[in-house]
Number of protein chains: 2
Amino acid sequence: MKRVTIKDIAKLANVSRGTVDRVINNRGKVSKDVEKRILQIAKDLNYKKNILASRLASTKTHRIVIVCPDESSDIFWELPKKGMDKAIDSIKDYGIIFDSWKFNLFDKEEFKTQFKKAIDSLPDIIILAPLFWKESLKLLEYAKKKQVPIITFNSEVEHDSILSYIGQNSYKSGYLVGKLINMGLNHRDEIVMLNLAHKATNAPHYSGKYYGLIDYFKDNALDEKRIHLYDVKNFRNEFKLKLFYQNLKKKHPYLKVLFFTNSRAYKLLNLLDEDEINKYIIIGFDTIEPNVKLLKENKIDFLINQNPIQQGFKSVILGIDYIIHKKSTQSKQYLPLDIVVKENVEFYIDETIL
Amino acid sequence: MKRVTIKDIAKLANVSRGTVDRVINNRGKVSKDVEKRILQIAKDLNYKKNILASRLASTKTHRIVIVCPDESSDIFWELPKKGMDKAIDSIKDYGIIFDSWKFNLFDKEEFKTQFKKAIDSLPDIIILAPLFWKESLKLLEYAKKKQVPIITFNSEVEHDSILSYIGQNSYKSGYLVGKLINMGLNHRDEIVMLNLAHKATNAPHYSGKYYGLIDYFKDNALDEKRIHLYDVKNFRNEFKLKLFYQNLKKKHPYLKVLFFTNSRAYKLLNLLDEDEINKYIIIGFDTIEPNVKLLKENKIDFLINQNPIQQGFKSVILGIDYIIHKKSTQSKQYLPLDIVVKENVEFYIDETIL
DNA sequence: AAAAAAAATTTGCACGTGCACAATTATTTT
DNA sequence: AAAATAATTGTGCACGTGCAAATTTTTTTT
């Protein structure tokens, strides 16, 4: 069962390889009837381009630009980076160049600068973590004008220059947290949802979580008035963070659940005593090292894993797919929301992908 | 930054491409000093073979044989199949031939026949689901004699002709189940562990689960005497299965947890009434369709996902890796044990891998 | 209807490696 | 030391596609 090649098609169509090539790759300059004939034959023979030969012969060098936070500005971002590096490594023969425009997670201006630079360099595609919502939308419009397609990951933004989104579904993660909370809740207990983040960053990102949680309570006839949402902007100042917690305790005598909306649970928890922590059901996100440590010490009860490594990996693979196959289906891919407990955490730490 | 090619090395070493080729691929017939020189230069330049060109030029056709149960004999086996098909599809240009020797899950003799046939066909590698323990060991010895390397998945067997194992860790899954059970258990409740399987199949497979569960109880100062293990060999006979359950109920007045050791929870559950089921905490394995249905109906509380799709996918990828790169590190890769509940099941059903 | 222009098609080299056979050099045998 | 043999090294074609220059065919213009 020999593979069907361009040559086979050419012979059957009574034309040369070059003509078939032009049809297959839409290079034009082919008469209508010949084109039709060739396409029919290609279809009949179920011709599939040999990607090895294609990439080997191609002189074009494609370029993918990655725009995401510097992993030194926040520990979480080491994870997508791992996945991306893995993917990049796996296709080193395909002649695709990767550039990285990093920005400090807390620096809105730098985000704008870097994203703009990325667009202006006119790459074949940009892989973007659109952390700042408003600014992203503006620049996405700019990208559209410049005809640079974009794959987003981690944060969900809607825009028609976005080819695909890879990441978690915030709403559903909130809903899932509802379930986890409910497994150990009494009727009076209060739930506090802590958003340790700058106001600047992606708003829908965590509000989705909030509404998911609320809806779980509604769907299960629980009183959602017991849920309290707090934005904690000064989380990087330990003193203020601790002060915030002292006030929180006073305000909520029946406080039972601490739900951290992102990977920064450890920032507060590491400031508290053991018996203080043990009173609560504590839920956070992402299996970064300080969180895992707390999980193993029974200080965190659940971590939701949003598969950041896979997010990075798949974003890059998708970018490659787009370039190689010119696949351009607008799509969303929500990665699993894994429930991580002490007893299965080992499987979610040093994922060896592929 | 142009890629380093064989030609570059040849020029620097003052030899021809052919000589470099012979060194790189250990084809012999090269004088010692030239070989040394070339290897040094290759190392200095950090030469990496271009896999595209290599595979394109290669005339060799490699063959991978898959030996696993026919998916029609048990619904579970559709899942690894999906993963395998995906992996096979992704490398269709690499000129690797796949053969499949299926066997009926319940037929020990057929397993032996097919596995033996696979070995005798002398493929480059066999990907095997070693469901029958004793028979596998015997034939693995035979494979060793015939020098056929083997990758196993799904069931863990120890043998030195096995290159890698991809699958779950039974002990740890039992341990994890302990945790899940414990979240909703009272001190008197009885746990019943049901092994719906022929005696013939892989013994350590489920006994690992048993010991894991026991150990969780011990580690957490729970009374492991409340755990009762039953082998249910006649599970395919609905009448006998129901009878078994009736007896079970009589025997265990404080029965609270039904823990199914494999994917066959639905076989019993579909015979029982809704209010019967609601009394229990029910835990099973694998997100096959009938189980998912029960999970969505709140009839199953937890499913442990052993990532069968990924198991299939990774087994094949590993086989390809072995053939292409001659990587031959003996290794085990335990895939995550995902906790699946109604609220996150959607992410574990129709996994779109890569 | 010949010349010019445009459109369609063919041809040949390139990509980097595998592999078989030819050519050269080194070693052994006569 | 020439001849025979062995060991080593070089050369050319192949894999299937991309691409552009060269050629042929068709259409338009004079």
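Naming convention: chains lettered A, B, ... in sequence-line order (proteins, then strands); numbering from 1 in each chain.
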Ignoring backbone atoms, establish whether [X] has a side-chain N or O less than 4.0 Å from OP1 or OP2 of [N].
X	N	value
T59(B)	dC19(C)	yes
N25(A)	dG18(D)	yes
K49(B)	dG18(C)	yes
R17(B)	dG10(D)	no
Y94(B)	dC15(D)	no
T5(A)	dG16(D)	no
S54(B)	dG18(C)	yes
T19(A)	dT10(C)	yes
S58(B)	dT17(C)	no

Using the ring of each side chain (for Trp, its six-membered ring), is F132(B) parallel, tilted or perpendicular to F103(B), with breaks at 30° and 60°?
-> tilted
Could you state the atom-to-atom distance from [atom1] of [X] to [atom2] of [N] in whole Å?
X	N	atom1	atom2	answer
L45(A)	dG16(D)	CG	P	14 Å
I51(B)	dG18(C)	CD1	P	11 Å
L56(B)	dG18(D)	CG	P	12 Å

Base, sugar-phosphate, or nothing: which does [X] touch, judged by heavy atoms less than 4.0 Å apart?
X	answer
D21(A)	base
R55(A)	nothing
I6(B)	sugar-phosphate

Do R22(A) and dG18(D) share a donor-acceptor pair, side chain to base, under 3.5 Å?
-> no
All heavy atoms of S315(A) vs all of I127(A), minimum pair found to be O-CD1, 3.6 Å
The residue among K48(B), K49(B), R3(B) that forms salt bridge (charged side-chain N to carboxylate O under 4.0 Å, His left out) with D93(A) is R3(B)
Watson-Crick or G-U wobble partner of dT24(C), both distances under 3.5 Å = dA7(D)
Ion pair check, D33(A) and R37(A), cut-off under 4.0 Å = no
Looking only at atom types and distance, does a side-chain atom of D70(A) sit under 3.5 Å from a main-chain N or O of K102(A), one as donor and one as acceptor?
-> no
Between R27(B) and A53(B), which has a closest nucleotide on DNA chain C that is more 5'?
-> A53(B)
